[in-house]
2 protein chains.
Amino acid sequence: MDSFDHVSMTGPDAGDVTRGTGVSLWKQIAARLEWQIAAGQYPAGARLPVESELSLRFGVNRHTVRRALAVLAEKGLIEATAGRGTFVKEPPIRYPIGPRTRFSEIVSAGGREPFGRCLGSQVEPADAEVARELGLTEGTSVLCIESMHEADSVPISFGRAYFPLDRCRDLDLVYSATGSLTRALATLGIQDYRRRETRISARAANEREVDVLSLTPGRSVLVLERVDVELDGTPLQWGRSSFVADRVQLVIKP
Amino acid sequence: MDSFDHVSMTGPDAGDVTRGTGVSLWKQIAARLEWQIAAGQYPAGARLPVESELSLRFGVNRHTVRRALAVLAEKGLIEATAGRGTFVKEPPIRYPIGPRTRFSEIVSAGGREPFGRCLGSQVEPADAEVARELGLTEGTSVLCIESMHEADSVPISFGRAYFPLDRCRDLDLVYSATGSLTRALATLGIQDYRRRETRISARAANEREVDVLSLTPGRSVLVLERVDVELDGTPLQWGRSSFVADRVQLVIKP
DNA sequence: GCGAATTTGTCCGTATGTATT
DNA sequence: AAATACATACGGACAAATTCG
């Protein structure tokens with residue numbers, strides 16, 4: 001094949017990995033692949049060459065390639081599936097958490113098409129938890145809305161939110177019609193509200209989430225528990241949403 | 001089958017679950033158990049009565065009890081293990097994320113004993129990512145410190161942090177000696193610093209995390225990526241830490 | 001280290017009341 | 001009004017994990 005005059009030339013493309021420099025081969029390979037991915041040579045969703053091919057190309061053993069790939073997998077850049085291959089992952093959506101967190105605005109700002117759907121709603125008596133968070137007495141009627149969100153037709157989140165019924169009657173109907181909670185609230189005369197607190201935890205996706213969000217079992221979801229209040233401080237909604245962990249990255253700028 | 005027309009009492013303690021009220025039995029049982037847990041009748045770590053015992057006590061079938069327990073498990077209140085039993089979980093540590101996030105202060109404020117340990121450190125050239133985050137040029141020497149933290153001897157987090165070497169020489173030694181990064185930085189003349197950005201994602205724990213944090217495989221970890229800067233804005237450290245997802249709850253108050 | 005006992009997890013099936021079509 | 005679907009509740013059997021003598 002090609003004959004390079006460098007320190008070593010074991011493969012056709014091996015100009016980048018040089019032995020005996022003090023930098024381990026797997027680190028060099030990882031850096032090179034990361035660079036190629038960042039440069040768009042392997043765009044999101046693309047399949048990387050199979051490990052044996054890479055080992056040929058870099059002139060190293062397959063295990064050395066695997067060590068490099070492990071670094072990228074750890075960073076969340078690629079994902080390997082036995083039998084299928086190794087694929088470049090979509091970069092996660094940056095999801096800033098702040099006092100005015102709105103799904104559609106965040107997704108639009110990221111240049112993607114937001115979509116929200118009301119999966120169902122019902123009026124129910126507030127249990128101890130909902131009552132505490134909304135500052136109501138247990139048993140007060142609240143409206144529970146179950147919904148999911150997508151960005152560019154990719155499922156992002158799924159959750160339930162609770163609203164005081166007196167303030168938000170028929171919110172579910174308007175939400176279903178408009179597809180946007182912000183707009184639905186606006187038509188009810190609630191022009192603005194702000195986030196009072198966000199609590200974040202994580203766990204493996206449950207069956208329902210696997211179903212609604214098109215996940216494979218065992219995947220992690222970020223669970224966001226949030227309280228929104230009206231401008232005068234009255235609790236407006238409390239809810240818990242599950243975000244597909246590897247499709248979003250929550251960002252907090254204090 | 002049952003010869004009761006509407007209200008019945010099947011068990012010795014069944015005064016709380018009433019049939020034919022329109023509220024399903026499993027919901028009533030879930031609410032009752034949740035109340036008992038909240039009231040301290042079953043404190044954190046305690047074992048609940050076995051399912052067969054509960055089914056006797058409430059006068060319902062074991063399946064009905066299981067459905068109620070599933071609700072509490074979903075809420076993160078209990079955890080069942082085949083062969084062992086069903087246990088009340090420790091409430092997660094509330095971990096506020098703000099401009100002055102410090103592990104030891106947060107844990108102390110929660111009435112627990114913080115503990116940090118340096119697992120290892122080395123000087124290495126900054127790769128593209130570290131260089132970008134710390135505002136250095138690729139290849140500049142940085143100090144990498146690997147550490148883990150505990151609260152009341154329970155592993156909480158594990159991560160790697162990178163520091164510009166010129167500013168932080170021997171930081172690892174002082175850290176190992178003091179067990180506190182804040183104090184170690186103080187002895188190097190860096191009295192204060194603040195969080196510039198926190199990025200949060202989640203995934204299943206990898207092998208290393210399972211090992212260091214005493215987890216079972218498949219558990220979720222919250223991955224916090226953070227940039228701390230000195231008061232003049234100079235990047236001081238960048239790092240990624242994995243938090244055991246069901247032992248912490250990140251709290252953001254905008 | 002083995003086996004029995006305990007306990008949760010998962011299946012099979014049946015019956016019944018209530019909504020929806 | 002009949003047919004259908006769904007949620008609730010019960011009964012039994014066995015697998016899988018854990019504990020303990």
Side-chain angles (χ1 to χ4, degrees), chain A residues 117-125 127 141-146 148 158 160 172-173 176 203-212 215-219 221, chain B residues 1-37 41-90 154 204-205 207 210-211 213-220 246:
Chain A
R117 177 181 10 197
C118 174
L119 300 179
S121 62
Q122 65 177 344
V123 174
E124 57 181 73
D127 68 14
S141 283
V142 291
L143 176 65
C144 171
I145 295 184
E146 201 176 81
M148 65 100 62
F158 159 73
R160 265 182 284 269
D172 47 342
L173 303 176
S176 290
R203 54 172 170 72
N206 63 30
E207 209 177 315
R208 184 79 199 284
E209 289 154 356
V210 165
D211 187 41
V212 174
L215 300 177
T216 48
R219 280 306 176 79
V221 291
Chain B
M1 264 294 165
D2 271 10
S3 54
F4 300 108
D5 30 63
H6 50 296
V7 201
S8 78
M9 51 286 130
T10 342
D13 190 24
D16 293 302
V17 294
T18 49
R19 306 169 112 90
T21 58
V23 183
S24 48
L25 293 176
W26 60 268
K27 275 192 181 175
Q28 296 182 47
I29 293 171
R32 174 120 175 82
L33 286 174
E34 185 172 354
W35 211 90
Q36 291 181 321
I37 289 171
Q41 183 166 342
Y42 300 110
R47 200 180 111 160
L48 289 186
V50 299
E51 293 171 355
S52 55
E53 154 103 36
L54 287 173
S55 71
L56 273 177
R57 188 178 297 185
F58 287 113
V60 299
N61 190 274
R62 183 176 152 231
H63 295 304
T64 311
V65 168
R66 282 182 61 76
R67 177 124 191 220
L69 292 176
V71 174
L72 303 192
E74 177 68 25
K75 287 194 182 184
L77 275 166
I78 61 173
E79 183 170 31
T81 317
R84 271 175 30 94
T86 307
F87 297 85
V88 180
K89 289 219 287 187
E90 292 286 341
V154 179
E207 208 177 315
V210 165
D211 187 41
L213 300 172
S214 316
L215 301 177
T216 49
R219 281 305 177 78
S220 290
D246 54 6

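Note that the coordinates shown come from a computational prediction; the quantities given were computed from them, not determined experimentally.
When each of D:dA9, C:dT8, D:dT18 is scored by its nearest atom to the side-chain atoms of B:Arg66, the top-ranked nucleotide is C:dT8. Picking from D:dG12, D:dA9, D:dT18 the nucleotide with the shortest atom distance to the side chain of B:Thr81 gives D:dT18. When the nucleotides D:dG12, D:dA9, C:dT8 are ranked by their closest atom to the side chain of B:Thr86, C:dT8 comes out on top. Comparing atom distances between the B:Thr64 side chain and each of C:dG9, D:dT8, D:dA9 picks out D:dA9 as nearest.
Between the C1' atom of D:dC10 and the CZ atom of B:Arg67 lies a distance of 14 Å, rounded to the nearest Å. The nearest whole Å value for the distance from the CG atom in B:Leu54 to the P atom in C:dT7 is 12 Å. The separation between B:Leu69 atom CG and C:dT10 atom C1' is 16 Å, rounded to whole Å. Rounded to whole Å, atom P of C:dT14 lies 14 Å from atom NE2 of B:His63. Atom CG in B:Asn61 sits about 17 Å away from atom P in C:dC11, given to the nearest Å. A straight line from CD of B:Glu79 to P of C:dG9 spans 10 Å, rounded to a whole angstrom. Residue B:Ile29 contributes atom CD1, which lies 13 Å from atom P of D:dT8 at whole-angstrom precision. Here the C1' atom of nucleotide C:dT7 and the CZ atom of B:Arg62 are 8 Å apart, to the nearest Å.
The nucleotide D:dG12 finds its pairing partner in C:dC11, both defining distances of the Watson-Crick or G-U wobble pair being shorter than 3.5 Å.
Taking only side-chain nitrogens and oxygens, B:Arg84 never comes nearer than 4.0 Å to OP1 or OP2 of D:dA17. In this structure, B:Arg19 reaches the D:dC10 phosphate: one of its side-chain N or O atoms is under 4.0 Å from OP1 or OP2.
With hydrogens and angles disregarded, a donor-acceptor distance shorter than 3.5 Å links the side chain of B:Ser220 to the backbone of A:Ala204.
In this structure, the side chains of B:Arg219 and B:Val210 stay at 4.5 Å or more apart for every pair of heavy atoms. You'll find the side chain of B:Thr21 reaches within 4.5 Å of the side chain of B:Gln28, heavy atoms only.
No salt bridge links B:Glu74 with A:Arg208; every basic N to acidic carboxylate O contact stays at or beyond 4.0 Å.
A distance of 10.5 Å separates CG in A:Leu119 from CD1 in A:Ile145, rounded to the nearest 0.5 Å.
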